[in-house]
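This report concerns only the one structure given below.
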Amino acid sequence: MRAVVIGTGPAGITAAETLRRLDPSGSVVALSSEPYAPYSPVALADHFLTGRDETLYWKGEGVAERLGIDERRESVVMAVDVDNREVVLSDDSRIPFEGLVIASGSRLHAPIEGSDLPGVFDFKSLRMATDLVGRVHRGEAHSALIVGNGLIGVELSLLLVGLGVDVSIIGRRPWVMPRVLDPATAAIAEKGLVDRGVKLLLGVEASAFVGSPRVNGVRLADGKILQADLVIAATGVKPHVEFLKDSPIVCEWGIHVDNKMRTSVPGIVAAGDVAEAADWLTGERFVHAIFPNAVTQAPVAAANLLGANLTYDGAEAMNSLKHLGIPIVAMGTIDKPDDVLRWESAGCLRAVYLRDGTIIGAQLAGDIRSAGVYRSLMLRRADVTCFGRGLVEPDFNIGTVVSNALVSR
Ligand SMILES: Cc1cc2nc3c(=O)[nH]c(=O)nc-3n(C[C@H](O)[C@H](O)[C@H](O)COP(=O)(O)OP(=O)(O)OC[C@H]3O[C@@H](n4cnc5c(N)ncnc54)[C@H](O)[C@@H]3O)c2cc1C
């Protein structure tokens, strides 16, 4: 097949790799709007903290050459011409395809006045991160205001304090990572952040980015203005779908896909942050914009494009905090449990969220060794009532879980 892949992020490069492996006589053109080899945004903070390239260029910088992928950088797709089966680039050139994988990922979503002012940074791409860290290295930035207390804001704060910057996070919700951490787990993360020197302004609404001609501060809802050398928006992400607006490919927040990762147009599939796939728990379409979903959706999408009939089991929420010094993992949901089991001692925490006797979410801090077991039980929708409170006790025995699971078969 003559295939085109839009995007060389984790989803795009995984899809391109799968296409090459399953269809060695076909051809794959992989397009990226950026000037870099395929990289993983997950490793941005690690890369700038340690100087390590291996985690950033996670498939190796020469991945395209090694796999025979025709990788084209700084190639921005402006439209998909479904009738003629071509992608249209910003220089008006066209690339024909028989099969198309859309893996264009996500971009900053900042519905705040002034977010388009010159100088407002985000931490979504290698280009932005390079500019931002460059200012610190050149001694031009000693203070930073980060608007947004989700994973990206928290990760960036740890990178910047690591580089010696005076960092404040402004967050509307009263605890960090409110969509994935419960208040007790967040309290452990917040202590880790404060111990490292991050200032937390939580429960505080930022109403505008301000400054002229360049941004130099943030106006809060009470009218107060805070100023800093670096002003960064980390308010959320949105699927990159603007270039599909004139195409018949159905999009809402992201691209609608079925459980085969197929879009509404035959021969066009989507994967990663751009795809609205079914949530494993609710079955409803949702974008869980995380790495594991991107790299598990992509092979399914690519194989099905070639005529396979693989089913994607559903996207899940799973987050971990890196660089905090305390391991923290959160999975599933904390929404509408009918019971919550908790165990907490000296900076360690385990909380399991239950509905109808099954695990719908779990939070671990300090000691995260049970994370894999909870995840496995959660995804299997195993009935865990037999464990009672034992599920969160320190002596929770994995052997018991396995033997109980075998007995209950
Ligand atoms: C700082 C940070 C930390 C993160 N930490 C974690 C973590 O700890 N764990 C976790 O699971 N997830 C984490 N994530 C999320 C994770 O990085 C994403 O879920 C993952 O990168 C999604 O991969 P993707 O390929 O779908 O999209 P992306 O990585 O966004 O890649 C999109 C690709 O599409 C290209 N593109 C976009 N538009 C066009 C166009 N019009 N034309 C051509 N090319 C285009 C881009 O150039 C890029 O190559 C983090 C993200 C960030 C930013």
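The residues of the chain are indexed from 1 along the displayed sequence. As the structure lists them, so they are numbered: ligands from 1, and atoms in each ligand from 1.
Taking every heavy atom of Phe123 and a limit of under 4.0 angstrom, the matching atoms of ligand 1 come to 1 (C), 53 (C). Within ligand 1, the atoms closer than 4.0 Å to a non-hydrogen atom of Ala103 are 32 (C), 33 (C), 34 (O), numbered from 1 in the order shown. Each of the following atoms of ligand 1 lies closer than 4.0 Å to a heavy atom of Gly272: 26 (O). Within ligand 1, counting atoms from 1 as listed, the ones closer than 4.0 Å to a heavy atom of Leu31 are 44 (N). Taking a cut-off of under 4.0 Å to the non-hydrogen atoms of Pro292, the atoms of ligand 1 that pass are 11 (O). Within the listing of ligand 1, atoms 33 (C), 49 (O) sit less than 4.0 angstrom from a heavy atom of Thr8. Remark: ligand 1 atoms within the under-4.0 Å shell around heavy atoms of Glu34 are 46 (C), 47 (O), 48 (C), 49 (O).
In this structure, of Ala275, Ser40, Ser75, Pro41, the residue bringing a heavy atom nearest to atom 17 (O) of ligand 1 is Pro41. Summarising the contacts of atom 18 (C) of ligand 1 with Asp273, Asp46, Ile102, the nearest heavy atom is found in Asp273. Nearest-residue assignment for atom 33 (C) of ligand 1 (options Gly150, Gly7, Ala294, Ala30; heavy-atom criterion): Gly7.
Annotation: ring pair (Phe, Tyr, Trp, His ring centres under 6.0 Å) contacts involving residues 47-105, sequence neighbours excluded, comprise Trp58-Phe291.
Ligand 1 has no N or O atom lying under 3.5 Å from any N or O atom of Ala271, backbone or side chain. Residue Ser32 has at least one N or O atom closer than 3.5 Å to an N or O atom of ligand 1. In terms of polar-atom proximity, Ala289 is counted as a contact of ligand 1, with an N or O under 3.5 Å from an N or O of the ligand.
The proximity of Leu156 to ligand 1, defined as any non-hydrogen pair under 4.0 Å, does not occur for either the backbone or the side chain. At a 4.0 Å heavy-atom cut-off, ligand 1 touches Ala11 through backbone and side chain alike. In Val77, the parts holding a heavy atom less than 4.0 Å from any atom of ligand 1 are both the side chain and the backbone. Heavy atoms of His240 found under 4.0 angstrom from ligand 1 belong exclusively to the side chain.
Ion pairing between a basic and an acidic side chain is recognised when a charged N comes within 4.0 Å of a carboxylate O; Arg52 and Asp46 show such pairing. For the pair Arg375 and Glu316, the salt-bridge criterion is met [side-chain N within less than 4.0 Å of a carboxylate O]. Taking 4.0 Å as the cut-off between side-chain N and carboxylate O, Arg138 and Glu140 count as a salt-bridged pair. Ion pair Asp166/Lys199 flagged as a salt bridge, since at least one NZ, NE, NH1 or NH2 atom sits closer than 4.0 Å to an Asp/Glu carboxylate oxygen. For Glu98 and Arg85, the salt-bridge test fails: no basic side-chain N is under 4.0 Å from an acidic carboxylate O. Between Arg73 and Glu71 there is a salt bridge, since at least one side-chain N of the basic residue sits less than 4.0 Å from a carboxylate O of the acidic one. For the pair Arg369 and Asp367, the salt-bridge criterion is met [side-chain N within less than 4.0 Å of a carboxylate O].
Nearest protein neighbour of atom 7 (C) of ligand 1, counting heavy atoms only, is Lys322 NZ, 3.3 Å. Closest to atom 38 (N) of ligand 1 among all protein heavy atoms lies Ser104 CB, 3.7 Å. Taking atom 36 (N) of ligand 1 as the reference point, the nearest protein heavy-atom neighbour is Ser33 OG, 3.6 Å.
Tyr353 and Gln363 share no side-chain donor-acceptor pair at under 3.5 Å. Neither side chain, Asp356 nor Thr358, offers a donor N or O lying under 3.5 Å from an acceptor on the other.
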Only pairs under 3.5 Å count here: list side-chain donor-acceptor contacts from residues 231-244, not counting sequence neighbours, and write none if there are none.
| from | atom 1 | to | atom 2 | distance (Å) |
| --- | --- | --- | --- | --- |
| Thr235 | OG1 | His109 | O | 2.8 |
| Glu242 | OE2 | Arg107 | NE | 2.7 |
| Glu242 | OE2 | Arg107 | NH2 | 2.6 |

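Under a 3.5 Å cut-off, the side chain of Asn149 and the backbone N or O of Trp175 do form a donor-acceptor pair.
In this structure, Val76 is part of the shell of residues with a heavy atom less than 4.0 angstrom from ligand 1.
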